[in-house]
Amino acid sequence: MKSFSDTLTTIAVLGGILILSAIVTRLFTRAMYYKCAACRALNARRRSHCRVCGERLNA
C-alpha cells in the first residue's frame with residue numbers, strides 16, 4: 001500500500017498547488033485591475049475610461 005499512499009500524497013500536493021496559484025492570481029487581478037460595471041471588461045488601474053465600451057470607471 002505504499003504506492004497508493006504516495007499517489008494520494010502527490011494528488012494532494014498538486015491540488016494544493018493549483019488552489020494556491022488560483023488564489024494568488026485572483027488577488028493579483030483584484031489589485032491590478034478594475035472591472036467595468038457596464039461591460040465587465042478588465043481595465044488597468046491607470047485607466048479612467050473602459051477600453052471596450054468607453055464608460056467612466058468608478059474607482
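In this text, all values refer to a predicted model and were calculated from it rather than measured experimentally.
- Side-chain contact between Arg56 and Ser48: present, with at least one pair of heavy atoms (C-beta onward) separated by less than 4.5 Å.
- In this structure, Cys36 and Asn43 approach most closely via the heavy-atom pair CB-ND2, 3.9 Å.
- Atom CD1 of residue Ile11 and atom CG of residue Asp6 lie 11.0 Å apart, to the nearest 0.5 angstrom.
- Taken together through direct or relayed side-chain contacts under 4.5 Å among Ile, Leu, Val, Met, Phe, Trp and Tyr, Met32 and Leu42 form part of one hydrophobic cluster.
- The shortest distance between side-chain heavy atoms of Tyr34 and Arg45 falls below 4.5 Å.
- Counting heavy atoms from C-beta outward, Leu57 and His49 have side chains that stay 4.5 Å or more apart.
- Between Cys39 and Val52 the shortest heavy-atom distance is SG-CB, 4.0 Å.
- Remark: Ile23 pairs with Ile19, Leu27 by the side chain to side chain contact (heavy atoms under 4.5 Å, CB included) rule, at least two apart or across chains.
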